[in-house]
Engineer: 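Shown below is the structure under consideration.
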Amino acid sequence: MDLSVFERKLEYSFRDKKLLLTALTHSSYANESKNKREDCYERLEFLGDSILGAVTADYIYRNTKLPEGELTRLKASLVCEKALCGYSKTLGVGEYMRLSRGEERGGGRERASILADMFEAITAAMYLDGGIEPASAFILRFIVPAISAPKRKAFKDYKTLLQEIIQKNPEDIIEYQLESESGPDHNKHFVMRVLLDNNVIGRGGGKSKKEAEQQAAREALELMGY
């Protein structure tokens, strides 16, 4: 695969082309490949997630005066699956993916989760190839315009964000349970808890179960460092 055109879109030329090729290789392709030593993007995506979070957090901390809660919400909105998918589409990542025939037929080139993961993998590949400076410059090409975009909505759907994070490990199970209910019918107060594999990771209260679930998810995200 000739990646020179894609590298121009990235505004970065890799010394180790295999890193970029790995970042664009889905596990289905690696599993299907005759070369059983073929690597996929998953390890790079793991590293890229941390780099992306750190660079984004550093930038918004230094360039805004927002309180901690608002910083958390802003960061979440900038690095959530929907945002990362958008960044990948801007780069045309879907054109360069290496997918299995089955994944190709299933619409993998447009799948948001894959596009988001590959953006993180590309970030990590760039970091490993050239260090933090080109990786940071790459991230900020997307983060800075997203922050200054007009009518940007604050991220408040904590349940969706928590689900996106948890679903990266398909074996993990997340559920919400009612812990307590109090007050008269016209002024109820609910306390919900969120469990990950039967372990409580957050609690929250509200005037409705939905509101309490959002607050439980928010507490869980804060405990997880988001």
Engineer: How close do P145 and L140 get, counting heavy atoms only, and between which atoms?
Structural biologist: CD-O, 3.7 Å
Engineer: Count I, L, V, M, F, W, Y as connected when their side-chain heavy atoms are under 4.5 Å apart, and connections chain through other members. Are L19 and V5 then in the same cluster?
Structural biologist: yes
Engineer: Decide yes or no for T25 and D39: does some side-chain heavy atom of the first lie under 4.5 Å from some side-chain heavy atom of the second?
Structural biologist: no
Engineer: Given 3.5 Å as the limit, does a donor-acceptor pair link the side chain of T123 with the main chain of G48, or not?
Structural biologist: no
Engineer: For D172, does its backbone N or O pair with a side-chain atom of D197 as donor and acceptor, under 3.5 Å?
Structural biologist: no
Engineer: Under 6.0 Å from the CG atom of N198, do we count more than 12 heavy atoms belonging to anything else shown?
Structural biologist: no
Engineer: Answer yes or no: is there a side-chain heavy-atom contact under 4.5 Å between L47 and L128?
Structural biologist: yes
Engineer: Once rounded to the nearest 0.5 Å, what's the spacing between atom CG of L3 and atom NZ of K17?
Structural biologist: 8.0 Å
Engineer: Look at the side chain of E81 and the backbone N and O of E164, then say whether any donor-acceptor pair between them is shorter than 3.5 Å.
Structural biologist: no
Engineer: Could you grab the distance from atom CD of E213 to atom NZ of K159, nearest 0.5 Å is fine?
Structural biologist: 3.5 Å
Engineer: Go through L221 and I165 one step at a time and tell me if the side-chain contact (heavy atoms from CB on, under 4.5 Å) criterion holds.
Structural biologist: CA-CA 9 Å; L221 288 165; I165 294 167; 3.6 Å; yes
Engineer: Tell me, please, which residues at least two apart from E219 pass salt bridge (charged side-chain N to carboxylate O under 4.0 Å, His left out).
Structural biologist: none
Engineer: In terms of heavy-atom contacts, does CD of E133 have more than 12 from other residues, nucleotides or ligands at under 6.0 Å?
Structural biologist: no
Engineer: If you look only at distance, which donor and acceptor atoms sit under 3.5 Å apart when one is on a side chain in residues 50-62 and the other is two or more places apart or in another chain?
Structural biologist:
{"from": "T56", "atom 1": "OG1", "to": "L52", "atom 2": "O", "distance (Å)": "2.8"}
{"from": "D58", "atom 1": "OD1", "to": "R62", "atom 2": "NE", "distance (Å)": "2.8"}
{"from": "D58", "atom 1": "OD1", "to": "R62", "atom 2": "NH2", "distance (Å)": "3.4"}
{"from": "D58", "atom 1": "OD2", "to": "R62", "atom 2": "NE", "distance (Å)": "3.1"}

Engineer: For the CG atom of L10 and the CZ atom of R141, what is their distance to the nearest 0.5 Å?
Structural biologist: 7.0 Å
Engineer: Should Q177 and V200 count as side-chain neighbours, where that means a heavy-atom distance under 4.5 Å?
Structural biologist: no
Engineer: Look at the side-chain heavy atoms of Ile, Leu, Val, Met, Phe, Trp and Tyr, link any pair under 4.5 Å apart, and say whether I132 and I122 land in one connected group.
Structural biologist: yes
Engineer: Under 6.0 Å from the six-membered ring centre of Y96 and within 45° of its axis: does the NZ or CZ of K9 meet both?
Structural biologist: no
Engineer: Can you establish whether the number of heavy atoms outside K188 located under 6.0 Å from its atom NZ is more than 12?
Structural biologist: yes
Engineer: Taking C-beta and beyond as the side chain, do L84 and M118 meet within less than 4.5 Å on heavy atoms?
Structural biologist: no
Engineer: So which pairs with a foot in residues 188-211 pass ring pair (Phe, Tyr, Trp, His ring centres under 6.0 Å), sequence neighbours left out?
Structural biologist: none
Engineer: Determine whether a donor-acceptor pair (N or O, by modelled atom type, separation under 3.5 Å) exists between the side chain of D16 and the backbone of D129.
Structural biologist: no
Engineer: Which donor-acceptor pairs under 3.5 Å do side chains of residues 87-94 form with protein atoms, sequence neighbours excluded?
Structural biologist:
{"from": "Y87", "atom 1": "OH", "to": "L78", "atom 2": "O", "distance (Å)": "2.9"}
{"from": "S88", "atom 1": "OG", "to": "L115", "atom 2": "O", "distance (Å)": "2.7"}
{"from": "T90", "atom 1": "OG1", "to": "G86", "atom 2": "O", "distance (Å)": "3.0"}

Engineer: Could you check R218 against R73 for side-chain contact (heavy atoms from CB on, under 4.5 Å), going step by step and ending with a plain yes or no?
Structural biologist: CA-CA 10 Å; R218 178 180 179 178; R73 285 191 285 275; 3.3 Å; yes
Engineer: Is it the case that the side chain of R98 and the backbone of C40 share a donor-acceptor pair, with hydrogens and angles ignored and the cut-off at 3.5 Å?
Structural biologist: no
Engineer: Following the transitive rule for hydrophobic clusters with a side-chain heavy-atom cut-off under 4.5 Å over Ile, Leu, Val, Met, Phe, Trp and Tyr, establish whether F46 and Y41 coincide in one cluster.
Structural biologist: no
Engineer: For L74, is there any backbone N or O sitting under 3.5 Å from a side-chain donor or acceptor partner on S77?
Structural biologist: yes
Engineer: Is the ring pair F138/F119 parallel, tilted or perpendicular, if the boundaries are 30 and 60 degrees?
Structural biologist: parallel
Engineer: When rounded to the nearest 0.5 angstrom, what distance separates CG in L20 from CE in M126?
Structural biologist: 8.0 Å
Engineer: Does any pair with a residue in residues 199-211 pass side-chain hydrogen bond (donor to acceptor under 3.5 Å, both in side chains), and if so which ones, sequence neighbours excluded?
Structural biologist: E179-R203
Engineer: About how many Å separate CG of L196 and CD1 of I166, when rounded to the nearest 0.5 Å?
Structural biologist: 4.5 Å
Engineer: To the nearest 0.5 Å, what is the distance between CG (D117) and SG (C85)?
Structural biologist: 10.5 Å
Engineer: Before you tell me yes or no, could you show the steps for L44 and E120 under side-chain contact (heavy atoms from CB on, under 4.5 Å), namely the whole-Å CA-CA distance, both residues' side-chain angles and the distance that decides it to 0.1 Å?
Structural biologist: CA-CA 7 Å; L44 286 172; E120 292 175 332; over 6 Å; no
Engineer: Consider only side-chain heavy atoms of I, L, V, M, F, W and Y, link residues closer than 4.5 Å, and tell whether Y158 and L178 are in one cluster.
Structural biologist: yes
Engineer: Is Y12 reachable from Y127 through a run of hydrophobic residues whose side-chain heavy atoms are each under 4.5 Å from the next?
Structural biologist: yes
Engineer: Suppose we screen for side-chain contact (heavy atoms from CB on, under 4.5 Å). Which residues come up paired with P184, at least two apart in sequence or across chains?
Structural biologist: H186, N187
